[in-house]
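Have a look at the structure below, then the notes.
All ligand and atom numbering here is 1-based and tracks the order in the structure. FYI, side chains are in, hydrogens and waters are out, and symmetry mates aren't considered; it's all heavy atoms of this structure. Computed from a predicted model, the values in this text were never measured in an experiment.
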Amino acid sequence: MLNKERMPEHVAVIMDGNGRWAKEKGVPRLVGHNAGMQAMKKIVDHSDKLGIKHLTVYAFSTENWKRSMEEVSGIFKLLVKWVASDLKGLIDNNVRVKVLGDYTVLPEDAVKSLEKTLEATKDNTGLQFNIALNYGGRDEITRAVKSLAKKVKDGALEPEDITEDAISAELFTGVYNADAPDPELIIRTSGELRLSNFLLWQSAYSELVFPEVYWPDFTPEEFEKAIADYQSRERRFGGRK
Ligand code: IPE
Ligand code: IPE
Ligand code: MG
């Protein structure tokens, strides 16, 4: 049973294992990505039901461009399809969508449908669904450093004012974009035990949970198990009890 008093405000998920799921079933990788998209929809609905404020999913990394053109463009096509079929549902459920990462370099139809979604959901007040797309933690930090350097050069900021909060503000999760708190919980499916360039700055004190299942098999029940695991942990933040 989940403790409603100890619900994480922000849960982030590395949706990994679509390819291996497909391989085990002897089907093309894109069938795996499609199944992953279905799993994602259920987790969005369930997050809303659980009263989570922010759900962030890692959908495409700055390193995923290394994959075949066929796989990359297939993933973006699935994204466009999902946005088109689910936009109404997102609006009805009061979900606000934000993108983490520079999505403007994606194929034109993907950029268009994302922009339509951002605009149509921007005033919603329920769950905030952050999609990390063409996202990399190092890229994000590099952009933040550039922006701060520019502000200093323009005389709008003193070097002494570069605080941790000032850096956080410049990130994709910062006040100028998603305005999300650091995730209390990060889940990575498929048994891989690494962050793969996800939320490097924001994960400083996140609790990490690594369910063995491949992402397409990640159900709301698995999600609740991961949250229960988080709730059983003692968070110390460097202090002592
Ligand atoms: C995660 O599944 C989805 C993306 C990276 C887009 P993978 O495609 O990485 O699946 P595996 O790791 O090869 O099983
Ligand atoms: C991380 O998974 C990126 C996403 C889930 C979108 P990868 O499958 O790309 O990570 P590595 O290559 O196993 O580290
Ligand atoms: Mg993978």
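Because its NZ or CZ atom is both nearer than 6.0 Å to the ring centre of Y230 and within 45° of the ring axis, R6 counts as a cation-pi partner of that residue. Geometrically, K23 does not engage W21 in a cation-pi contact, judged by NZ or CZ lying under 6.0 Å from the ring centre and within 45° of the ring axis.
D102 and R143 are joined by a salt bridge, as a carboxylate oxygen and a charged side-chain nitrogen come within less than 4.0 angstrom of each other. Under a 4.0 Å N-O distance rule, the pair K151/E158 does not qualify as a salt bridge.
No side-chain donor-acceptor contact under 3.5 Å links W215 and S190.
Taking a 6.0 Å sphere around CD of E70, one finds it holds 12 or fewer heavy atoms contributed by other residues, nucleotides or ligands.
Listed for the N134 side chain is no donor-acceptor partner under 3.5 Å among the backbone atoms of G101.
Numbered from 1 in the order shown, with element, the atoms of ligand 2 that lie under 4.0 Å from a heavy atom of R194 read 11 (P), 13 (O), 14 (O).
Here the closest heavy-atom approach between residue T189 and residue D16 is recorded as OG1-O, 2.7 Å.
Under the 4.5 Å side-chain heavy-atom criterion for Ile, Leu, Val, Met, Phe, Trp and Tyr, M69 and L133 are members of distinct hydrophobic clusters. Tracing side-chain contacts under 4.5 Å through hydrophobic residues (I, L, V, M, F, W, Y), one reaches M7 starting from I187; they form part of the same cluster.
At a 4.0 Å heavy-atom cut-off, ligand 2 does not touch K66 at all.
Ligand 1 lies under 4.0 Å from heavy atoms of M15, D16, G17, N18, G19, R20, R29, H33, A59, N64, R67, E71, I75.
Listed by chain and number, the protein atoms of type N/O/S under 2.8 Å from the Mg ion (ligand 3) are D16 OD1; waters are omitted.
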